**Student:** 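Please read through the structure below; I'll follow up with questions.
Being a predicted model, the structure only gives us computed values, none of them experimental. Letters A, B, ... are given to chains in the order of the sequence lines, protein chains preceding strands, and every chain is numbered from 1.
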Number of protein chains: 4
Amino acid sequence: MGAVKTKRMPRAVREQQMLDAAVRTFGQRGYMAASMDEIAELAGVSKPLVYLYLNSKEDLFTACIRREADALTAAVRAGVRRELPADRQLWEGLGAFFAHTSQNPDGWSVLHLQARTHGEPFASEVAAMRAEIVAFVTQLIVAAAREAHRDPDLPESEVAGLAEALVGAAESLADWANAASGVTARQAAATLMNFAWSGLGNLMDGKPWTAPDAAHEASGQTSPAR
Amino acid sequence: MGAVKTKRMPRAVREQQMLDAAVRTFGQRGYMAASMDEIAELAGVSKPLVYLYLNSKEDLFTACIRREADALTAAVRAGVRRELPADRQLWEGLGAFFAHTSQNPDGWSVLHLQARTHGEPFASEVAAMRAEIVAFVTQLIVAAAREAHRDPDLPESEVAGLAEALVGAAESLADWANAASGVTARQAAATLMNFAWSGLGNLMDGKPWTAPDAAHEASGQTSPAR
Amino acid sequence: MGAVKTKRMPRAVREQQMLDAAVRTFGQRGYMAASMDEIAELAGVSKPLVYLYLNSKEDLFTACIRREADALTAAVRAGVRRELPADRQLWEGLGAFFAHTSQNPDGWSVLHLQARTHGEPFASEVAAMRAEIVAFVTQLIVAAAREAHRDPDLPESEVAGLAEALVGAAESLADWANAASGVTARQAAATLMNFAWSGLGNLMDGKPWTAPDAAHEASGQTSPAR
Amino acid sequence: MGAVKTKRMPRAVREQQMLDAAVRTFGQRGYMAASMDEIAELAGVSKPLVYLYLNSKEDLFTACIRREADALTAAVRAGVRRELPADRQLWEGLGAFFAHTSQNPDGWSVLHLQARTHGEPFASEVAAMRAEIVAFVTQLIVAAAREAHRDPDLPESEVAGLAEALVGAAESLADWANAASGVTARQAAATLMNFAWSGLGNLMDGKPWTAPDAAHEASGQTSPAR
DNA sequence: AATGAATGAGCCTTCATTCAT
DNA sequence: GATGAATGAAGGCTCATTCAT
């Protein structure tokens, strides 16, 4: 069970085997429930060797996060052709994202669930990657607006929220696609593009939504608080 | 620190104190890292009493999830006036949602992070609540389309994806608002309504997005896979 | 479940209910595995009342031992007609013994297993009862020998061992009869009487056993040691 | 106190040390009262090592039972010369039995008291060993009858009861000899052989016991019941 | 390069027992 | 006469981590 027990491998190879085992174990059992024993066995090595190479459980988990974060951003980057217009870039990026998360569910679980759930120093590790992605999306949104000949001076704060919402929706759809088998990466990407590009407005053309004037709705005691 | 150590309370009261302490501890430390010792101390009681009333760590956590899930759905329900049009209902619901999550960050952490991360039986507990919310949103979307005199026969599957994306965006914005202090519940709700209602299209009117024809884009090896 | 919860009983009655519950619980779960909680519930009272009346788990168990020991010796005594010859008295005593143990398996378990297994002060409590029974049997053996016109000056030590063996056999057969349903008290008594009265010798008339002369068997390295 | 704390022993050795400590502790404190802490300390190791090698308290106890049961049956087997007549074999077997139990009182306590008192899966473990011994005794009885030229077709059920009684008497005498110091294994064996071979009848030759006819003794209400 | 042997520390859980009413 | 509320103490078990080879 686990990797075949071949002896005397060069360090780099062994380390990857360990990280493979660790990502799989962390992804499936969770960070705390995963035991170093299980990881070592799955990697086909003894526990002291894991410590020799990766130092501690915390360091091992951090290494997993970094490797998976790099793999994910690399996959997205590789999936995007920069010479295309912004909307096409977004489409391709989402496709690459969903493809990667669905092919690598343990890694996705490590990044999206485990790392965020178990506090520092893991949370900020993955937050860095997420910030990178949000920045990329933000830039695409700005570029798209410019390409549409709109005023490029969109309020930063506004765009930040939109990018955040878009990325959050993508994360959620990744889980959804992974859980509900039958939804492909392509479908998930299309769903999100439709949502992102025209919103629900495409369901009711010409009826844009406008925030109610706070002054006029004071009658209801249940209007959005704070 | 912790609740004032008042002795001899009726059971119902003590139980709530324990749940308060548990939600706080689970929310901050995480399910596994939280120790029953810490929870008991924070509740101002001895550990055996926690076990006498709540049975086990698992049962205690489940009780937390149920209480917080009920509180969240109740808050949203109470924030929505059913007699209003669908878009207004959504606006109010989002406002109530963001208000509740920002006022109750530990409960939100329990529901959104901890319960989902630590497998059964917790995951399905919170999945039930989420399904309820997704259903509510789905129904609002359908109602909105009908109110806009559009064909109400929207493909189920399409709407399901949209609702999923919308809820995912909301969850993500809740975290964002909680983290980046300075964003109010109202602002978060407005950002999401804008995004949901008109998408990014409002940034570039008249240029709706359309999925590229797969046959024509075969040149790039990195187009959305699968 | 357990005794019907009738309130305000006189103390003596309540105590017996508690002892009933305790004997049953101790007999079935064992002394250590039995919890005061379970006993109190089975007795239909609250735990503090058990402590009020019986003081501690140790005292409660001791009370059980005493009650069951008295019941057992009383049953044997009541079963024996002193005016009969010794062999008939033994026969009746064994019958009464097996009848009692089979009708009262929890009590028998308390006496024969639990009390002996859990050290002082319980072991000596039940040892006292056992000594009484051994003494009774010893006296019967001596009487039987006298009635048979044999020299009544049997060596004490010899008779003591025989009585011990007889009582041990009886205890063992009581367990055997309780376990292997199908063996009645009467059958068990008959089996033991046969064994005790004529030994296995009745299977091979006229071939009494005689201890080998130690001097002559020195050749074997495995003769009874010490 | 306890084994000298020698470090870095091969597993097999350490395991035996642990079993030694466990038998001693279980035998003296009882299964439930014995703590893994105490056993580990007596064995001169840390608790986790006990768990690493023996898995759980239950497994540890089972291992003790098996080891002691094997040791006891091996001792008896080794003490018996099969080429001798049945009565001599019984004599030697009893001698070996009493010798072993007196030299190994903790093991005997584990087998005779602790294992039987604490339910499954322990009870059946020791029941298997006891059944083996009973079978051996049964076969000796049958052989003895055959050697005495008696009809070898003794009723099975009759012999079963006799063997049970004999083994029970032996068990009881083992306790007796262990408690009343001054009785040697040899003396205990002789006492039991006398009892078993000629019964009490040797005290009163020519007066065999016969079961009273049930029909004729109806006068007493206390005759052997059931 | 690699591992068998070993442990300090901590966690979940339970129990006998008592206080205040 | 009777009980709901509460706890100190301990026990089984597991884990991340290290030493000596």
**Student:** Between the base of dT13(E) and the side chain of Lys57(B), is there any donor-acceptor pair under 3.5 Å?
**Tutor:**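 Check fails, no donor-acceptor contact within cut-off.
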**Student:** According to the Watson-Crick and G-U wobble definitions, with both distances under 3.5 Å, which nucleotide is paired to dT21(E)?
**Tutor:**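 The answer is dA2(F), by the H-bond criterion.
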**Student:** For Tyr51(A) and dC19(F), is the shortest distance between a side-chain N/O and OP1 or OP2 below 4.0 Å?
**Tutor:**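 Tyr51(A) to dC19(F) OP1/OP2: no side-chain N or O under 4.0 Å.
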**Student:** Please check if atom CZ in Arg24(A) has more than 12 non-hydrogen atoms from other residues, nucleotides or ligands closer than 6.0 Å.
**Tutor:**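 Atom CZ in Arg24(A) is not crowded, with 12 or fewer foreign heavy atoms closer than 6.0 Å.
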**Student:** How many whole angstroms separate atom CZ of Arg29(A) from atom P of dC15(F)?
**Tutor:**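 My rounded result for the distance is 10 Å.
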**Student:** For the side chain of Arg8(D), starting at C-beta, report the closest nucleotide among dT7(F), dA20(F), dT3(E).
**Tutor:**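 My answer, after comparing the listed nucleotides, is dA20(F).
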**Student:** Between Met36(B) and Ala34(C), which is nearer to the 5' end of DNA chain E once each is assigned its nearest nucleotide?
**Tutor:**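 Looking at the nearest nucleotide for each, Met36(B) comes out on the 5' side.
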**Student:** Report the distance from atom NZ of Lys47(C) to atom P of dA6(F), rounded to the nearest whole Å.
**Tutor:**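 Those two atoms, NZ and P, are 14 Å apart.
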**Student:** Output the rounded distance in Å from CD (Glu15(C)) to P (dA2(F)).
**Tutor:**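 Nearest whole value for this atom pair: 12 Å.
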**Student:** Rounded to whole Å, how long is the line connecting atom CG of Asn55(C) with atom C1' of dT17(E)?
**Tutor:**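 The answer, rounded to whole Å, is 11 Å.
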**Student:** Asp37(D) CG to dG10(E) P: how many Å, rounded?
**Tutor:**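 To the nearest whole Å, that distance equals 15 Å.
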**Student:** So which one's nearest nucleotide on DNA chain F is more toward 5', Leu52(B) or Tyr31(A)?
**Tutor:**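 Result: Leu52(B).
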